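One structure is given here, and the rest of the page talks about it.
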Amino acid sequence: MNVLLTGGAGFIGSHAAAMLAEAGHYVVIVDNLSNSDASVLRRLERVCGHPLPFVEGDIRDSALMRSTMKQHGVQSVMHFAGLKAVGESNEKPLDYYSNNVQGTISLLQAMDQCDVRQLVFSSSATVYGQPQYLPLDEAHPTSATNPYGRTKLHIEEMLRDVAASSAQWRFVCLRYFNPVGAHSSGLLGEAPRGTPNNLMPYVAQVAVGTRAHLNVWGDDYDTPDGTGVRDYIHVMDLVEGHLAALNFLQDNAGWSAINLGTGTGYSVLDMVKAFEQASQRAVPYSIKPRRQGDVASCYANPQLALNKLGWRATRSLQDMCDSAWAWQSNVGK
Ligand code: NAD
Ligand code: WQD
């Protein structure tokens, strides 16, 4: 199929591009490079063995989206483009609504005008808000505790309304838990700008010596070792879930929301230990007060993905850390 990847130069989108190309699909990337750079494209060419069509632009530019879809005979869209920093969303809510919600509206309008009606959406477990029970299944109530999460919820509901307006539309909202790790080539990975908010890239930078130590945000949670528990999922498992969702859309109209997680939770200290094993480097840390907005535990019930998509995660925490270390060790080479 001819697949348009919005935000395809980013962490998850670039891994999806490599996986789809390897699976024989024609991939075209649209990205405004607001949180990535063009070097990813050269590394994608090395991974894929051929260049991938790339359009530098913003999803809010409907005319550009239309011309790109027509030029490349786009049949389906994987929508990765978005701002994703929870803390920043509290400071700049309008930027998040414009970029994420308005951007998705512009994209959908362009799709409608080009008769492109299949979309896989990058949603987030953050739409579950404060867990009322665990593991989290798709029936869990949704809510938002920050503007970022609210944009994801708004987009999910908007897609549900559009799907209800015509049987031609086909949407899957994939609710990611905590994507980590990197492509086996060591050429693709997570490259956050500035100080990483997320655990794994921060731990990787401590291991490689870029940062002196890790701050562990709280060790007084009701978890086995007191530190936060999350459902870390290898980015390659995650993007394979996208391929399964794309195949699902060929035979299923309507709207679905599906968790992409492993179903297993690991603590911060579990992650530190696994990363020290992967890197054979010490990861010094100090315990600090809890980070505002953090929950104690968050992990998925992944059963619906298996039932509907025939997909489940297969890679271990050690695989995640091994691949992240290989990437971190390569960065800049
Ligand atoms: P990322 O920032 O690495 O990638 C997003 C890409 O989209 C970037 O390359 C950026 O330049 C591009 N982009 C942003 N706004 C754009 C716009 N208006 N027009 C065109 N391109 C634009 O982030 P990621 O980690 O790869 O996440 C991809 C998607 O998955 C995001 O929508 C994010 O909200 C979602 N998600 C990520 C996580 C995570 O932990 N990484 C978890 C849940 C959901
Ligand atoms: C994981 C654990 C921290 C950093 C976030 C977003 C979510 C989604 C995924 C986009 C927690 C602890 C972290 C550090 C630490 N992104 N930690 N020291 O918060 O589960 O989810 O990323 O959709 O929306 O909220 O991921 O990696 O930030 O934190 O102790 O320097 O690691 O307290 O327990 P989180 P995270």
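None of these values were measured; they are calculated from a predicted model. FYI, side chains are in, hydrogens and waters are out, and symmetry mates aren't considered; it's all heavy atoms of this structure. As the structure lists them, so they are numbered: ligands from 1, and atoms in each ligand from 1.
Residue Gly57 has at least one heavy-atom neighbour below 4.0 Å for each of these atoms of ligand 1: 19 (N), 20 (C). When each atom of ligand 1 is checked for a heavy atom of Ser34 under 4.0 Å away, the hits are 10 (C), 11 (O), 13 (N), 14 (C), 15 (N). Per-residue contacts place Ser36 under 4.0 angstrom from the following atoms of ligand 1 (heavy atoms of the residue considered): 8 (C), 9 (O), 11 (O). Atoms of ligand 1 found under 4.0 Å from any heavy atom of Leu33 (numbered from 1 in listed order, with element): 11 (O). Residue-ligand proximity, Ser123 to ligand 1, at heavy-atom distances under 4.0 Å covers atoms 43 (C), 44 (C). Those atoms of ligand 1 that come under 4.0 Å of a heavy atom in Ser122, given as number and element, are 29 (C), 30 (O), 32 (O), 35 (C). Heavy-atom proximity to Pro179, at under 4.0 Å, picks out these atoms of ligand 1: 39 (C), 40 (O), 42 (C). Here is the list of ligand 1 atoms found below 4.0 Å of a heavy atom in Ala9: 9 (O).
The pair Arg315-Glu240 counts as a salt bridge, with a side-chain nitrogen and a carboxylate oxygen less than 4.0 angstrom apart. A salt bridge links Glu157 with Arg160: at least one charged nitrogen is closer than 4.0 Å to a carboxylate oxygen. Contact check on Lys288 versus Asp219 returns no salt bridge, with no Lys/Arg side-chain nitrogen under 4.0 Å from an Asp/Glu carboxylate oxygen.
Taking only nitrogen or oxygen atoms, main chain and side chain alike, Ser124 does not reach within less than 3.5 Å of ligand 1. Residue Asn35 has at least one nitrogen or oxygen atom sitting less than 3.5 Å from a nitrogen or oxygen atom of ligand 1, judged on distance alone. The shortest N or O to N or O distance between Val30 and ligand 1 is not below 3.5 Å. Here's the thing with Glu190: none of its N/O atoms is less than 3.5 angstrom from an N/O atom of ligand 1. Checked against a 3.5 angstrom limit, the closest N/O atoms of Phe177 and ligand 1 fall outside it. Considering backbone and side-chain N/O of Asp31, one or more are found under 3.5 Å from N/O of ligand 1. Considering backbone and side-chain atoms together, Leu83 places no N or O closer than 3.5 Å to any N or O of ligand 1. Considering both main-chain and side-chain atoms, Asn99 comes within under 3.5 Å of ligand 1 through a nitrogen or oxygen pair. Residue Ile59 places at least one N or O, backbone or side chain, under 3.5 Å from an N or O of ligand 1. Taking any N or O of Lys152, backbone or side chain, at least one lies under 3.5 Å from an N or O belonging to ligand 1.
Among protein heavy atoms, atom 28 (C) of ligand 1 sits closest to Phe80 O, 3.4 Å.
Under a cut-off of 6.0 angstrom, the local environment of CD in Gln292 is sparse, with at most 12 non-hydrogen atoms contributed by other residues, nucleotides or ligands. By the neighbour-count criterion of 12 heavy atoms within 6.0 Å, atom CG of Asn307 is densely surrounded, having more than that number from other residues, nucleotides or ligands. Sparse packing is recorded around CZ of Arg312, with 12 or fewer heavy atoms of other residues, nucleotides or ligands lying under 6.0 Å away.
Gln71 and Ser67 are not linked by any side-chain donor-acceptor pair at a separation below 3.5 angstrom, with hydrogens and angles left out of the test. Side chain to side chain, Gln118 and Ser76 meet the donor-acceptor criterion of an N or O pair below 3.5 Å. With 3.5 Å as the limit, one finds a donor-acceptor pair spanning the side chains of Tyr176 and Ser122. Side-chain contact check for Thr126 and Lys152: no donor-acceptor pair (N or O, by modelled atom type) lies under 3.5 Å.
The residue Asn178 has no part lying near ligand 1, judged by heavy-atom distances below 4.0 Å.
Residues His72 and Asn2 form no side-chain contact, since every pair of their non-hydrogen atoms from C-beta on lies 4.5 Å or further apart. Using a 4.5 Å heavy-atom threshold, the side chains of Arg230 and Met271 count as separate.
Compare Arg193, His79, Lys84, Met78 by their heavy atoms: the one nearest to atom 25 (O) of ligand 1 is in Lys84. Considering Tyr176, Phe11, Tyr96, Tyr232 only, the shortest heavy-atom separation from atom 36 (N) of ligand 1 involves Tyr176. Residue nearest to atom 14 (C) of ligand 1, selected from Gly7, Pro201, Gly82: Gly82 (by heavy-atom distance).
Relative orientation of the Tyr128 and His140 rings is perpendicular, given thresholds of 30° and 60° on the angle between their planes. By the 30° and 60° cut-offs, the orientation of the rings of His154 relative to Tyr97 is tilted. Between Trp325 and Phe275, the two ring planes are perpendicular [angle over 60°; tilted spans 30° to 60°]. Taking the six-membered ring for Trp and thresholds of 30 and 60 degrees, Phe11 and His15 have ring planes more than 60 degrees apart, a perpendicular arrangement.
The 4.0 Å heavy-atom shell around ligand 2 contains residues Val86, Ser124, Thr126, Tyr148, Asn178, Asn197, Asn198, Leu199, Leu214, Asn215, Val216, Trp217, Gly228, Arg230, Tyr232, Val268, Arg291, Asp294, ordered by chain and number.
From Arg150, atom CZ reaches atom OG of Ser143 across 8.5 Å, with rounding to the nearest 0.5 Å.
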